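One structure is given below, encoded as structure tokens.
Residue numbers start at 1 and run along the sequence shown. First listed ligand is number 1; within each ligand, the first listed atom is number 1. All of these numbers come straight from a predicted model, not from anything done at the bench.
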Amino acid sequence: MKGYAMLGIEKTGWIEKNRPKCGGMDAIVRPIAVSPCSSDIHTVYAGALGERHNLILGHEAIGEVVETGNLVRDFSVGDRVIVPAITPDWNSAEAQDGYSMHSKGMLSGWKFSNHKDGVFAEFFHVNDADGNLAHLPVGIDSASAVMLADMVPTGFHGVELAQVKFGDNVCVIGIGPVGLMAVVGAKLRGAADIFAVGSRPECVRVAKELGATQIINYKDGDIAKQILELTNGKGVDKVIIAGGDNDTFAQAVTMLKPGGIIGNVNYLGEGTTIRIPRSEWGCGMGHKTIAGGLMPGGRRRMERLASMIVAGRIDPGILLTHRFQGMEYIEEALELMREKPSELIKPVVIF
Ligand code: NDP
Ligand code: ZN
């Protein structure tokens, strides 16, 4: 089969591989639609996962089941399915402890284009099919449904980590597709003011449409200072980090009220340490909590989020600024994610 792969750090290309084999609890899926992610860019160009050779990229897909193992109960050949980016081993100790995303080791629930070939191929393998696949409800647009694989649950996980409550003032740092979904999640959870940090005009426009009450441009100066000015020096109850760099943490701590919580879903790609400003953190006694996490993945999460589309509560199709028809466009779509032109939020490739 054909797949679009990381050939080495900073190198990508089409390769041929054998079709993956299906274990008893597994499924083999043919993609219907896929989307490249900022994480694919970190993997290839920042070497985030270290050196990888001929590893097929991609972890955001919906598809059609073409083969199932003899122990799979709920899925059959021909079923159209949502495939979460994170596909944990549900019988692991970590999953039983509530940390499915770390099943069998830290971050190891993330398997596609990390521990095994990803979804940018004619076929891909899904472990624990009953635990990880979800039936795609009839009537949901396939391209929008791809956003359920990673963008919606990751943005929402930031909101979960920050424990957003009714009436919270929230700052969402970063309004790429992940941060925009965090804006949606914060609004659904009853946030009062939502300050959204970003600069690209299309992201800013959509952030406002989705419920951001104020836009902060990080290029206009220190965002903590801007937030403190806008809140009469009080700061915000919750911060969700979905973009920025290592300094963003210090800014998040600074803009947070005592008792506040930071939910980070951003990938921190540089340096060996993260700076926490001492006095702004209450000299260690400020009750300012920092939580960071990988999206948990799994079937029930996909089913719940899909039901929110069906019920008209969310429309992640709003993220799709670029649609391509044909597997060969994966290369172009990935390149767009690298360049991040001003009009881009998220591309999708329909097979
Ligand atoms: P994007 O690159 O599309 O968005 C990043 C956002 O951060 C943009 O709004 C950008 O602004 C903003 N930004 C950039 N620099 C700064 C800065 N110095 N201060 C404040 N804001 C800044 O990323 P995605 O939305 O695709 O992904 C966000 C992050 O989430 C990535 O790191 C990705 O790897 C990670 N991720 C994590 C997952 C998880 O499970 N935890 C899963 C998937 C992704 P501008 O408008 O100027 O571009
Ligand atoms: Zn992703």
So is [X] polar-close to ligand 1, meaning N/O to N/O under 3.5 Å?
X: Pro177; answer: yes
X: Tyr218; answer: yes
X: Cys203; answer: no
X: Met295; answer: yes
X: Thr248; answer: no
X: Ile175; answer: yes

Contact flag Asp150/the Zn ion (ligand 2), N/O/S atoms, threshold under 2.8 Å: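 Yes - counting backbone and side chain alike, Asp150 has an N, O or S atom under 2.8 Å.
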
Suppose I only count heavy atoms of [X] and a 4.0 Å limit; which atoms of ligand 1 are within that range?
X: Gly243; answer: 7 (O)
X: Val265; answer: 30 (O), 35 (C), 36 (N), 37 (C), 38 (C), 39 (C), 41 (N)
X: Asp150; answer: 42 (C), 43 (C)
X: Lys340; answer: 1 (P), 2 (O), 3 (O)
X: Gly293; answer: 41 (N)
X: Leu294; answer: 39 (C), 40 (O), 41 (N)

Would you mind checking which non-hydrogen protein atom is closest to [atom], with the distance to 0.1 Å?
atom: atom 6 (C) of ligand 1; result: Gly174 CA, 3.5 Å
atom: atom 5 (C) of ligand 1; result: Ala242 O, 3.9 Å
atom: atom 26 (O) of ligand 1; result: Ser38 OG, 2.5 Å
atom: atom 39 (C) of ligand 1; result: Thr154 CG2, 3.5 Å

Proximity winner for atom 3 (O) of ligand 1, if only heavy atoms of Glu202, His42, Arg200 are counted: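 The residue whose heavy atom sits nearest atom 3 (O) of ligand 1 is Arg200.
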
Note: Asp89-Lys111 ion pair, threshold 4.0 Å (strictly below): yes

Whether Trp14 and Tyr4 hold their rings parallel, tilted or perpendicular, with breakpoints at 30° and 60°: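 Taking Tyr4 first and then Trp14, their aromatic rings stand perpendicular (interplane angle over 60°).
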
Angular separation of NE2 (His59) and OE2 (Glu60) seen from the Zn ion (ligand 2), to 10°: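 About 120° at the Zn ion (ligand 2).
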
Heavy-atom closest contact (Glu94 atom, Lys104 atom, distance):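 Of all heavy-atom pairs spanning Glu94 and Lys104, the closest is OE1-N, 3.1 Å.
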
